[in-house]
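The block underneath contains the structure these notes are about, expressed in structure tokens.
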Amino acid sequence: MIVIKSKEEVQKIAKACELAGQILKELPNVITAGMSTWELDQWIENEILKNGQIPAFKGYGGFPAAACISVNEELIHGIPSKKKIIHDGDIVSVDLGTIYKDYYSDAARTYPVGKVNQENERLIKVAEESFFAGLKFCREGNRLGDVSHAIQETVEAAGFSVVRDYVGHGVGLDMHEDPPVPNYGKAGHGPKLVPGMVIAIEPMIAAGDYDVEVLDNEWTVVMCDGSNSAHYENTIAITDGEPLVLTCFDR
């Protein structure tokens, strides 16, 4: 069931989203070659706590950290580790969320570290561009499939692939609510968009094939062919006019 939020509920979600977005905006100044993903996670958790909110991911389904930090061929749900060192030329995906007065935020970015190759730069850029291509259709009366189709079209036109096994979702009193928000699909299909819907749109794309597998840690999702991947996510609210992008402060 899709839960339609009141203006007061959207304001609470927006408060959580503001912090998530500001942290993501700061991360290019924090992520450096030589640091561990555990160190990065510690910085993120401290930022969330010192601002009076709760790390949404920590303990969610048993996840052990404040953020999912995934490097190169790791698509999502990378577990931060003292042994996982970030190197020059890596691309690092950070997915995080916060809780404010019981309401969730959820957002992600992929960052280049040092000098990355041209394909990785383009992969990161296309993930972001595909989100904004989908956002153009986030208006009252359109259908969710219009958003999904625009994302897929943008990604595949650039020569990359869209992951099928993981999708976006509604956001509210739970981090994952209805409706599911695929990054592929047919225009004109799916639920109609109405004011008060709050959804996380999150293109997850790969330089190679879209097939994925889960590592033995039962969390980290990697590309089967070892190709690099990128992830770009914002929580947005549907209104009777322009959509509100609640977690974007870096563009």
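Nothing here was measured: the structure is a model prediction, and the numbers come from that model.
- The aromatic rings of F132 and Y232 are tilted relative to each other, their planes meeting at an angle between 30° and 60°.
- Nearest approach of C17 to F249, heavy atoms of both residues: O-CE1, 4.0 Å.
- Closest heavy-atom contact between S36 and I85: CB-CD1, 3.8 Å.
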Worksheet item: Does the pair T235 and D106 meet the rule for a side chain to side chain donor-acceptor pair (under 3.5 Å), with working shown?
Response: CA-CA 6 Å; T235 299; D106 193 5; 5.9 Å; no

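- Under the 4.5 Å side-chain criterion, counting only non-hydrogen atoms from C-beta, E26 is in contact with W43.
- Between the NE2 atom of H169 and the CD1 atom of I201 there is a distance of 10.5 Å, given to the nearest 0.5 Å.
- Connection of I54 to M175 is established within a shared hydrophobic cluster, with ILVMFWY side chains joined at heavy-atom distances below 4.5 Å, either directly or through further cluster members.
- When all heavy atoms are compared, the tightest approach of V10 to A237 is CG1-CB, 4.1 Å.
- A salt bridge is absent between E233 and R109; no separation between the charged side-chain nitrogens and carboxylate oxygens falls under 4.0 Å.
- The two atoms that bring Y111 and I124 nearest to each other are C-CD1, 4.1 Å, heavy atoms only.
- The distance from atom CG of N72 to atom NE2 of H87, rounded to the nearest 0.5 Å, is 9.5 Å.
- Residue L135 comes nearest to I236 through the heavy atom pair CD1-CD1, 4.1 Å, listed as atom of the first residue, atom of the second, then distance.
- Closest non-hydrogen pair, V167 versus P182, comes out as CG1-CA, 3.6 Å.
- I44 and F57 are assigned to two separate hydrophobic clusters, defined by single-linkage of ILVMFWY side chains at heavy-atom distances under 4.5 Å.
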